[in-house]
Amino acid sequence: MTGDREPIGVIGVGWVGLVTAACFAELGHRVVARDILPEKVAALSRGETTIHEPGLDELLARNAGRLTFTTEMAELLDAARLLFVCVDTPPTRSGDADLSRVRSVLAELPPDGEHVLVMKSTVPAGTGHSIRRERPGLSYVSCPEFLKEGSAVEDFLHPDRVVIGSDPGDEAAGDAVAQLYEPLGGEVVRTDVASAEMIKLASNAFLATKISFVNEIANVCEEVGADVAEVARGMGLDQRIGPAFLRAGIGYGGSCFPKDVSALKMLAGNSGYHFQLLGAVIEVNELQKRRVVQKLQKHLGSLAGKRVALLGLAFKPDTDDMREASSLVLAARLEGEGAEVVAYDPVAADAARGLLDGVELRGSALEALDGADAAVLVTEWAEFAALDWAAAAESMARPLLIDGRNFLDAGLLQGAGFEFEGIGRAVQTPVRMGPAS
Ligand code: UGA
């Protein structure tokens, strides 16, 4: 239908790459996406989606005619001039970003000067400069991604902003990338490469800082008898603060915040600057994952031999992603205290298997709660709000629930007979029920 649209190459078909490929195909571009894993390429070529992301299956199916998955770099280089690099940059042992996959991609690119490397992978500020120094023939554009797992398709198609960094000599390449995003609306921020790289890292670090800040406020609220949800609502109405990312809980996880906060801290340190604030953000987050253990001990005493049910395992709802999920640390700490841990997650159970040694995975929330001495809501899956909590209370050895995401209705849980505690708010005791008539 829109045959005049520029073909796109996508290198690395992980979560960012697959969403990017599907969304550009939806915009009418022919997309050739390359991954080094033959099984993944074969599955995608058969129409099987490799990740859980709302709306993605439909997009891939609808645009199958415009999408090609391949293991061959040559096929991609033939088909497209604009090459979106979407390989992962996990943390190294030192906490820096591991650029080895980016380096492998570079090694495969010809020195022809025809292609434009569009960096979507999150890289330390300065990476673009060093690549351009090493590969003077290659046009380079930084175009960081700001997608959230669970709403990535929506975020791609309706961006708050699109950041495009190009340096002198590569303005035309920057223009070509800007043109791709034009139909989506959203403010386009044109800048130099290093600033674009910093925008990405600073944005994630700031959001993580907001979360750690509100988590510390929650901990103080518990001491002084305030309710963090009310405090966050009152703060968030100030336009200078804003309401987003002020939900207190048991810490942030995922493949981005932990890695990017650490990478920015290390990047600063490597350049001779000690980024103190980020050190605190990381430490608060680590402690926050463990606070639930103290809450349980307050109610139950020693956890040795007690059965604790974890509701939700994924790092957030609507994803099966277990990377840096708070559940991993929490389960290990509970087991360390001698507790028996059972768990249920509607989607992430397969991903969790093998990561949670000794944790028994159950097929439903009610099965996990059956006979438990306490439950912890770890991930705010919608189905937990609709659970038959009265039946759950009946089946538990002790109806005690710690809501690690301040997600459930305290009144409802109290009415169902639960002892109930959230994060940064008062402990609720059960409402005494009259005899059943
Ligand atoms: C994050 C950013 O939000 C995206 O803009 C960015 O593109 C992405 O990282 C990335 O760099 O790839 P994501 O990791 O998918 O996206 O998830 P978020 O929705 O940001 O949540 C991260 C964690 O923070 C979750 O564990 C969530 O439960 C927690 N969180 C979030 C809170 O504890 N409180 C909040 O108020 C918000």
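Counting convention: from 1, in listed order, for ligands and their atoms alike.
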Is it true that the side chains of Asp170 and Ser139 contain a donor and an acceptor less than 3.5 Å apart?
yes
When you measure from the heavy atoms of Glu380 to every atom of ligand 1, does any distance fall below 4.0 Å?
no
Report, in ascending order of atom number, the atoms of ligand 1 lying under 4.0 Å from any heavy atom of Asn204.
2 (C), 6 (C), 9 (O), 10 (C), 11 (O)
Under 4.0 angstrom from ligand 1, any heavy atom of Cys256?
yes
Considering distance alone, does some N or O of Lys200 sit under 3.5 Å from an N or O of ligand 1?
yes
Is Gly253 near ligand 1, meaning one of its heavy atoms is under 4.0 Å from it?
yes
Ligand 1 N/O within reach of Phe257 N/O, cut-off under 3.5 Å:
no
Asp260 heavy atoms, cut-off 4.0 Å: which ligand 1 atoms fall inside?
11 (O)
Between the side chain of Thr68 and the main-chain N/O of Val32, is any donor-acceptor distance below 3.5 Å?
no
Heavy-atom gap Thr122 to ligand 1 smaller than 4.0 Å:
no
For Glu171, is there an ion pair with Arg190 - N to carboxylate O distance below 4.0 angstrom?
no
Between Trp381 and Asp345, does any side-chain donor sit less than 3.5 Å from a side-chain acceptor?
yes
